[in-house]
Amino acid sequence: MSGSNIIPWVVGNWKMNPMQADAQQLIQDLKQLLQDAPITEQQCHIGVAPISIALLSVKQSLQNVSPAVKVVAQDVSQMAGTGAYTGEVSAELLKDSQIDYVLVGHSERREIFGDDVTKIKAKISNALNAHLHIIYCVGESLEQREAGQAEQIVLQQICDLAAVVKPEQWHNIVIAYEPIWAIGTGKTASPQDAQAMHAKIREGLTQITTEGQRTAILYGGSVKPENAVELAACPDINGALVGGASLNAESFYKIAQAFAKTE
Ligand code: PEP
């Protein structure tokens, strides 16, 4: 159970999964678990990030779930508004479809799809200007960690964020620290290492914004029910961004339970 005053977030990143029927089953299972033993919004914000073409159907399926499960887009265009940009989905179009949350800067976007700092800054600005909430992902590679550069890399990524966020927009930001070497690999950062990086991020944020002590900093990288309790006990770990384990409703629910604050 999380100890700080920040309400934790547990968000399932479904990535390029699952097929429609499996997605609907996953939602039904999650709804059942939440109905049997609710986790309130004061205990934990729960969200799922499906593929873009499933955002609206997932939102529809989750419509009357109480407490609400947030529907999160996995990415947003670097282009704003509407226009001749084949294949893109802008922040304004997400907002127009009542999708209020978006991941930005996931390492798979950075590494596989060429989301460099310029693109990421444009995505952040567009999302915030369209009044979306963003979950901004940061994290170092194994090479960078082994070279002793992890902290410098992550703090630079926080500075990239700070370069485009207006003071009044900070309350719409959640950070996800995801060491790249821990994503989808089964290797998790130890709770001590994760806490140490989260504390550094918190320190950095506090120097930049008055929201620094209130910003949720999630951990991501092979989070499972088996390691969630230990991670949740760390004071600066305010939730989890969950990939693989979010494709199983029970695992995902157990992770949310591990982070949920006692009322
Ligand atoms: C992720 O993709 O954000 C992630 C943390 O994946 P996994 O939990 O599978 O490591």
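Atoms within a ligand are numbered from 1 in the order they appear, just like the ligands themselves.
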Exercise for the section: Quick one: do Trp181 and Glu143 satisfy side-chain hydrogen bond (donor to acceptor under 3.5 Å, both in side chains)? Show the steps, please. Expected result: CA-CA 9 Å; Trp181 47 270; Glu143 224 179 17; over 6 Å; no
Fill in the blank from the handout: Sorted by chain and residue number, the salt bridge (Lys or Arg N to Asp or Glu O under 4.0 Å) partners of Lys31 (sequence neighbours excluded) come out as none
Check: residues 76-87 side-chain donor-acceptor pairs under 3.5 Å, at least two apart:
from, atom 1, to, atom 2, distance (Å)
Ser77, OG, Met79, N, 2.8
Ser77, OG, Glu88, OE1, 2.6

Exercise for the section: Would you please write out the protein residues whose heavy atoms approach any atom of ligand 1 to under 4.0 angstrom, listed by chain and number? Expected result: Asn13, Lys15, His106, Glu178, Ala182, Ile183, Gly184, Gly220, Gly221, Ser222, Leu241, Val242, Gly243, Gly244
Practice task
Output all residues satisfying salt bridge (Lys or Arg N to Asp or Glu O under 4.0 Å) with Lys254, sequence neighbours left out; order by chain, then residue number.
Solution key: Glu250
Problem - Distance-only side-chain donor-acceptor flag, Asn238 / Arg214, under 3.5 Å - result: no
Handout entry: Thr206-Gln213 side chain donor-acceptor pair, cut-off 3.5 Å
Key = yes
